[in-house]
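Written out below as C-alpha cells is the structure these notes cover.
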Amino acid sequence: METDGKNLRRGWTTGACATAAAKAACTALLTGDFPYPVEIELPSGKRVGFSLATSEIGDGYARAGVIKDAGDDPDVTHGALIETTIRRAQTGKGITFKAGRGVGTVTRPGLPLAIGEPAINPVPRKMIVSAIREVAGENADFEVEIAVENGEALAEKTLNGRLGIVGGLSILGTTGIVIPFSCSAWIHSIWRGIDVARAEGLPHILGATGNASEKAGQALHGLPETALIDMGDFIGGMLKYLRTHPVEKLTIAGGVAKMTKLAQGMLDVHSKRGLADLHALAKLAMDAGADEALADLIRNANTVAHAFTMAGSAGINLGNIVAENAWKTAADALNLPETALEILVFDRDGDLKGRFGFAPSHHVSGFPSGERNRRT
C-alpha cells in the first residue's frame with residue numbers, strides 16, 4: 001500500500017495480539033513452557049508468528065503479553081501491551097471471556113455483543129477459541145481474561161464511550177491485519193454507531209464530517225451523544241448502510257467546503273477525491289442572485305470559505321443553495337422516502353451558514369448521478 005509515494009507497513013489487530021497471547025499462555029499452563037515464537041492462524045488461513053513481551057506462570061494461571069504493532073496506521077493502540085491470562089475452568093464450562101483492566105464492557109444494545117459482555121468482538125473470540133483448541137483439544141475448559149495496559153486512558157481517544165463501551169478498549173479485528181489508513185475500519189465504526197442508535201430507539205441521528213459541525217448540529221437539535229455519527233468524509237458509506245438500516249430522521253452536517261463537494265455530487269468528500277469546483281460554486285451563487293462580478297471573484301477565490309465570505313458580504317446566501325444541492329445529492333443516494341433528510345452547513349466556528357430542512361429522501365429526477373454512483 002502506498003500513500004504520497006511512501007510504502008506503508010501493515011500491522012496486527014488487538015484481536016490477533018490477544019490470540020497469540022492466549023495461545024502462549026494456554027501452552028504454558030499445560031506444559032510449563034512458553035512457545036517462541038507463538039504461531040496463530042488468521043481468519044484467512046494464513047499462519048503468522050508473534051514474539052512475547054511478557055510471560056508469567058502462577059498458581060492456576062498463566063499470562064502472556066504481546067506488544068501491538070499497528071504498522072504505519074495511526075492507531076491509538078499502537079505500542080500497547082495486550083495481555084491474556086488463562087485459567088482452568090469447570091469441566092463442561094467451555095471457553096469463557098472476561099474483561100481485564102483496560103478492556104471495556106458493553107452497556108448498550110446494538111453492538112454484536114450482549115449487554116454486560118466484555119468488549120471482545122466475535123471474530124477475535126473465534127480466533128482465540130481456535131488457538132486454544134489447537135493446544136488443548138476441542139473440549140477445552142478455560143477462562144480467558146484480556147487486559148490492555150493503559151487501556152482506560154486510550155479508550156478516551158476512541159468512540160467507545162459513545163457506543164456504550166465503558167472501562168476501556170475493545171478487542172477488535174475481522175482479518176487480524178491492520179491496513180494503514182483503512183477506509184473500511186472507519187466505515188465499520190459508522191455502521192456500529194447507527195446500530196447502537198437504532199437499538200436505543202432513537203428516531204433522529206446526525207452524521208457530521210468533523211468536530212465543529214457535530215457539536216453545532218448537536219446543540220441545534222439537542223441530540224444525545226448516541227445519536228451522533230462520526231462519518232468523516234464517508235457520506236456515501238453512511239447512506240448506503242442507512243438504506244437497509246433506516247431511521248426516521250437524518251441530519252447531515254458539515255463545513256462549507258465538504259458540503260459544497262456534496263452539493264457537486266461527491267459522496268466521498270476527502271481532499272484526495274478532488275477539490276470543490278469553484279466555477280460550479282460561482283454558478284450556484286448566480287442562481288442565488290449574484291452578479292457576474294461576484295461570480296468572477298468566487299471563481300478565483302482562494303478557498304470555499306473565502307468564497308462564502310465574499311458572497312455573504314454581498315448579501316448572497318450561498319449556504320442555503322449549497323445545502324439544497326447537497327440535499328439533492330444525499331437524497332438521491334439514500335432514496336428512502338420514510339427517512340426525512342436535512343442538511344446543515346457550518347463554518348469552522350460552528351456558525352450556521354446554510355440549511356435545507358427535513359424532507360422525505362427520494363431519487364431526484366434529472367439530477368446528475370454519475371459521480372455519486374461511483375462513490376456509494
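Values below: all heavy atoms of this structure, side chains included; hydrogens, waters and symmetry mates excluded.
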Do [X] and [Y] pair up side chain to side chain, a donor and an acceptor below 3.5 Å, judged on atom types alone?
{"X": "Asn335", "Y": "His362", "answer": "no"}
{"X": "Asn160", "Y": "Ser170", "answer": "yes"}
{"X": "Lys68", "Y": "Thr77", "answer": "yes"}
{"X": "Glu41", "Y": "Ser130", "answer": "no"}

Legend entry - Heavy-atom side-chain proximity of Val66 to Trp12 below 4.5 angstrom: no
Legend entry - Side-chain ion pair, Glu39 and Lys23, N-O less than 4.0 Å: no
Legend entry - Spacing of OG belonging to Ser189 relative to CG belonging to Asp230, to within rounding of 0.5 Å: 6.5 Å
Legend entry - Nearest-0.5 Å distance, NZ of residue Lys258 to CD1 of residue Ile252: 14.0 Å
Inset, instruction - Classify the ring geometry between Tyr241 and His245 as parallel (under 30°), tilted (30 to 60°) or perpendicular (over 60°). - result: parallel
Inset, instruction - Over 60° means perpendicular and under 30° means parallel, so classify the ring planes of Trp186 and Phe234, tilted if in between. - result: perpendicular
Just checking [X]: does its [atom1] atom have more than 12 heavy atoms from other residues, nucleotides or ligands closer to it than 6.0 angstrom?
{"X": "Glu248", "atom1": "CD", "result": "no"}
{"X": "Asn139", "atom1": "CG", "result": "no"}
{"X": "Gln90", "atom1": "CD", "result": "no"}

Inset, instruction - Take Arg299 and Glu292 through the test salt bridge (Lys or Arg N to Asp or Glu O under 4.0 Å) and record every step on the way to the result. - result: CA-CA 10 Å; Arg299 293 185 197 104; Glu292 180 57 38; 2.8 Å; yes
Legend entry - Sole candidate of Leu336, Ile229, Leu334, Ile190 that passes side-chain contact (heavy atoms from CB on, under 4.5 Å) when paired with Leu242: Leu334
Inset, instruction - Answer yes or no for Lys249 and Phe358: cation-pi contact, defined as NZ/CZ to six-membered ring centre under 6.0 Å and angle to ring axis within 45°. - result: yes
Inset, instruction - Kindly say whether Val123 contributes a backbone atom to a donor-acceptor pair with the side chain of Asn121 at under 3.5 angstrom? - result: no
